[in-house]
> 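Here you go, one structure.
Residues: numbered from 1 along the sequence shown.
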Amino acid sequence: LTMNNMYLRISLITLAFVSPFVSSARENIGDPHHRIQRTEKLSAADCNPASSSIDLNINNVRALLQNGGDMWWDLNNTAHYEVPKVEPGSGQTAVSSLFAGAIWVGGYDAGGQLKIAAQTYRQNGNDYFPGPLDAATGTVDKTVCDEFDHHWQVFGSEIDDFLTQWNNGGGVINPNQIAQNILNWPAKNNPYNPIAGNRDLAPFSDVDGNGYYDPTGGDYPVIDPSCGNNYADQMIWWVYNDKGNIHTETGGEAIGIEVHALAFSFKTNDVLNDMTFYRYSLLNRATSSLDSTFMSQWIDADLGCYLDDYVGCDTTRGLGIVYNQTAVDGGSGCSADYGDQPPMLGIDYFKGPKDQNGTELKMSRFSYYSNDFSPTGNPEVASHYYGYMSGTWKDGTPYTEGGNGHGGTTPTHFLFPSSPDDPSGWSQCTGGTTGQDPRFMISSGPFRLDPGASNEIVIGVPWVRPPKGTYPCPKFTLLQKADDKAQALFDNCFAILEGPPAPDVEVVEMDKELVLALDNTSEIETYQIKDPTISAQGYADSLYRFQGYKIYQVQNSQVTTQELNDASKARLIAQVDLKDNVTKLINYNYDPI
């Protein structure tokens with residue numbers, strides 16, 4: 001490469017090729033009843049309601065998380081699940097696709113007493129409070145609740161830097177080199193943040209194998225240590241319980257549940273960039289069993305304008321779905337909407353709880369209710385919450401096929417299971433219901449919840465925006481394809497594929513010439529990795545294999561790989577091909593439409 005007395009800044013990019021062939025939402029409205037608030041303390045502590053909140057916002061979604069068992073809203077009647085997210089100060093109006101969500105758990109003790117923990121909008125109170133329970137007594141005190149009224153977060157870029165320093169240091173790292181988020185991770189016996197103590201709390205990779213978390217020993221946060229040492233681009237962890245005070249949301253008896261929550265997202269250039277994920281570990285700290293137990297993900301999904309939402313389900317995928325009633329989202333009373341291109345959103349139950357025999361339960365119920373106080377409306381007492389999880393309306397009648405699911409003759413566990421474009425199926429489009437501002441539950445059960453049992457629920461939230469003209473009564477195909485890709489990521493333990501590392505480049509300066517020498521190339525040139533998301537789309541060849549190098553001269557160090565085709569910022573100065581019988585490379589580009 002020759003030049004006229006120029007200094008050349010060179011960025012080396014290695015490419016491995018595959019060679020196959022804010023709306024205004026509503027809380028519960030129109031409550032004609034004055035609920036009787038419980039005043040007896042029973043065995044509850046004196047914990048205050050949770051107050052911590054934080055944004056999960058690494059990709060195209062900004063999701064506000066609370067730490068009182070609820071999320072996606074600001075506790076002041078405003079939704080905060082923005083897709084696409086809007087940067088502060090941009091002058092654009094944020095539109096939200098979800099209003100609120102929470103985990104519900106309920107069942108009966110040996111004496112026939114209903115015990116339940118649930119959360120909606122804190123209008124009447126709380127069932128959940130910050131902090132873990134004592135493993136021996138199943139209790140908690142105000143001091144612990146206050147200490148854990150907090151979210152802990154870590155970024156994938158921080159873990160990347162940590163692992164680079166760890167590897168470059170030959171397994172030695174100074175605490176001063178470690179990001180504060182990694183040092184503060186509330187994991188077992190962390191010497192740099194003693195809040196966890198001897199409790200098994202936030203998940204981590206135990207690199208040194210000593211059973212506790214110490215980042216100077218190589219340990220770092222991960223999504224699920226039982227499923228590989230994979231981490232996301234942003235991870236947020238918190239813990240809450242249902243024994244911190246009396247249950248003023250449901251009015252029910254406390255169970256003794258401790259919930260470890262992990263929210264995480266990936267920054268990508270495909271549909272995963274519009275998704276968020278949640279992993280819940282639920283520990284039963286009670287001393288007696290709970291029979292006929294159900295665990296549910298409760299959702300108030302306001303898709304832009306809340307006045308024109310429909311819900312449905314895909315029973316084969318365990319997918320709850322919210323979509324628009326009309327071709328244009330919006331209406332009187334809504335301050336923000338998606339206009340003439342409404343999206344679709346799903347809640348996928350990737351992993352459900354296990355029964356007393358260790359069998360994993362999938363979605364066994366899909367139910368909904370309306371935002372009113374009719375027999376098909378908002379729950380008012382503990383039995384209503386349990387009924388919606390287990391499949392009955394407030395009047396005790398079962399869900400039935402046809403219409404709005406109430407008052408029919410054929411009982412069912414799954415409401416609106418058909419694609420809306422099927423005129424012979426049963427969906428809210430064919431049922432003709434309107435303006436209900438529906439909430440829905442994806443439930444698993446019944447099973448026996450034994451003392452000391454640990455259950456895990458993993459949930460993904462795919463989001464797509466179909467082309468104009470898809471509505472009304474759309475097909476779910478586009479959302480299902482995005483969900484299949486998310487399912488493949490879950491099946492692969494949330495391992496996002498990384499290309500091979502760039503080689504070391506030695507630059508030799510000569511007279512009007514630079515000589516580039518590539519070093520440490522053996523790992524790169526033997527690179528081969530399977531992409532499970534390509535397999536999920538039905539392609540036989542899902543392997544990425546090394547095929548060559550492209551070397552670019554770039555304008556400055558801020559130029560990204562997405563800008564390499566911009567001639568004003570980057571120039572291809574060399575392309576080196578592996579000498580083999582492959583002559584044509586066809587890259588896999590995912591187009592969900």
> If you round to the nearest 0.5 Å, how far is NZ of K85 from CG of D55?
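Nearest 0.5 Å value for the CG-NZ distance: 9.0 Å.
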
> Taking T400 for its side chain and P411 for its backbone only, find out whether a donor-acceptor pair lies under 3.5 Å.
no

> Can you confirm if the aromatic rings of H260 and W237 lie within a centre distance of less than 6.0 Å?
yes

> Distance from F366 atom CZ to F414 atom CZ, nearest 0.5 Å?
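One finds 10.5 Å between CZ of F366 and CZ of F414.
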
> Stepwise, does the salt bridge (Lys or Arg N to Asp or Glu O under 4.0 Å) test hold for K485 with D483?
CA-CA 5 Å; K485 192 162 189 178; D483 183 59; over 6 Å; no

> Applying salt bridge (Lys or Arg N to Asp or Glu O under 4.0 Å), run through R317 and D348 and close with a yes or a no.
CA-CA 7 Å; R317 290 174 171 83; D348 193 321; over 6 Å; no

> Looking only at the side chains, is there a donor atom on one of Y81 and T276 sitting less than 3.5 Å from an acceptor on the other?
yes

> Please report the shortest heavy-atom distance between G68 and Q119, naming the atom on each side.
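Heavy atoms of G68 and Q119 come nearest at O-NE2, 3.2 Å.
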
> Using side chain to side chain contact (heavy atoms under 4.5 Å, CB included) as the criterion, point out the one residue from L56, L98, L64 that pairs with W72.
L98

> Do F350 and F490 have their ring centres less than 6.0 Å from each other?
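Yes; F490 has its ring centre under 6.0 Å from that of F350.
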
> ring-ring contact (aromatic ring centres under 6.0 Å, His included) with Y368: which of W393, Y310, Y399?
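In the set W393, Y310, Y399, the residue that makes a ring-ring contact (aromatic ring centres under 6.0 Å, His included) with Y368 is W393.
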
> Could you check L497, N273, N59 and say which one makes a side chain to side chain contact (heavy atoms under 4.5 Å, CB included) with T268?
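Only match with T268 under side chain to side chain contact (heavy atoms under 4.5 Å, CB included): N273.
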
> Looking only at atom types and distance, does a side-chain atom of N284 sit under 3.5 Å from a main-chain N or O of I257, one as donor and one as acceptor?
no

> Decide side-chain hydrogen bond (donor to acceptor under 3.5 Å, both in side chains) for Q480 and D484; before the verdict, give the C-alpha distance in whole Å, the side-chain angles of both, and the deciding distance to 0.1 Å.
CA-CA 6 Å; Q480 289 165 333; D484 289 345; over 6 Å; no

> Minimum heavy-atom separation for M344 and K475, please, with both atom names.
CE-O, 3.1 Å

> Hey, what do you get for OG (S292) to CE (M389), rounding to the nearest 0.5 Å?
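So the OG of S292 and the CE of M389 are separated by 11.5 Å.
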
> Could you walk me through whether N181 and Q153 pass the side-chain hydrogen bond (donor to acceptor under 3.5 Å, both in side chains) check?
CA-CA 6 Å; N181 285 335; Q153 76 170 336; 5.6 Å; no

> Mind checking what makes salt bridge (charged side-chain N to carboxylate O under 4.0 Å, His left out) contact with E360, not counting sequence neighbours?
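Listed in chain order: K362.
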
> Is there a donor-acceptor pair under 3.5 Å between the side chain of S443 and the backbone N or O of S296?
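No, S443 side chain to S296 backbone: no donor-acceptor pair under 3.5 Å.
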
> Considering only NZ, NE, NH1 and NH2 on the basic side and carboxylate oxygens on the acidic side, decide whether D233 and K267 come within less than 4.0 Å.
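Between K267 and D233 there is no salt bridge, as every charged N stays at least 4.0 Å from the carboxylate O atoms.
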
> Verify, without hydrogens or angle tests, whether R62 (side chain) and N60 (backbone) share a donor-acceptor contact under 3.5 angstrom.
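No: the side chain of R62 does not pair with the backbone of N60.
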
> Between D224 and R279, does at least one N-O distance fall below 4.0 Å, as a salt bridge requires?
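Yes, charged N to carboxylate O under 4.0 Å.
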
> Could you give me the CA-CA distance, side-chain angles and deciding distance for D422 and S424, then say whether side-chain hydrogen bond (donor to acceptor under 3.5 Å, both in side chains) is met?
CA-CA 5 Å; D422 180 2; S424 64; 2.7 Å; yes

> Hey, what's the ring geometry for F494 with F277, parallel, tilted or perpendicular (30° and 60° as the breaks)?
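It falls in the perpendicular class, over 60°.
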
> For F416, run the ring-ring contact (aromatic ring centres under 6.0 Å, His included) check against F440, W426, Y323 and tell me which one passes.
W426

> Go through Y388 and N378 one step at a time and tell me if the side-chain hydrogen bond (donor to acceptor under 3.5 Å, both in side chains) criterion holds.
CA-CA 10 Å; Y388 282 139; N378 298 310; over 6 Å; no

> Hey, could you give me the CZ/CG distance between F99 and D302, rounded to the nearest 0.5 Å?
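Answer for the CZ-CG pair, F99 versus D302, is 6.5 Å.
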
> Determine, step by step, whether D340 and K468 satisfy the salt bridge (Lys or Arg N to Asp or Glu O under 4.0 Å) criterion, reporting the C-alpha distance in whole Å, the side-chain angles of both residues, the deciding distance to 0.1 Å, and the verdict.
CA-CA 7 Å; D340 60 358; K468 294 179 182 180; 3.4 Å; yes

> Partners of R365 by salt bridge (charged side-chain N to carboxylate O under 4.0 Å, His left out), sequence neighbours excluded?
none

> If you count every heavy atom of other residues, nucleotides or ligands that lies below 6.0 Å from E523 atom CD, does the total exceed 12?
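Atom CD in E523 is not packed in, count stays at 12 or less.
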
> Is the distance from the ring center of Y549 to that of Y552 below 6.0 Å?
no

> Please work out which of the three classes, parallel, tilted or perpendicular, describes the rings of W73 and Y121, given edges at 30° and 60°.
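Answer is perpendicular, since the angle exceeds 60°.
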
> How far does OH of Y278 sit from CG of L262, to the nearest 0.5 angstrom?
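CG of L262 is found 11.0 Å from OH of Y278.
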
> With rounding to the nearest 0.5 Å, note down the distance linking CG in N67 to CD1 in I54.
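Atom-to-atom, N67:CG and I54:CD1 are 10.0 Å apart.
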
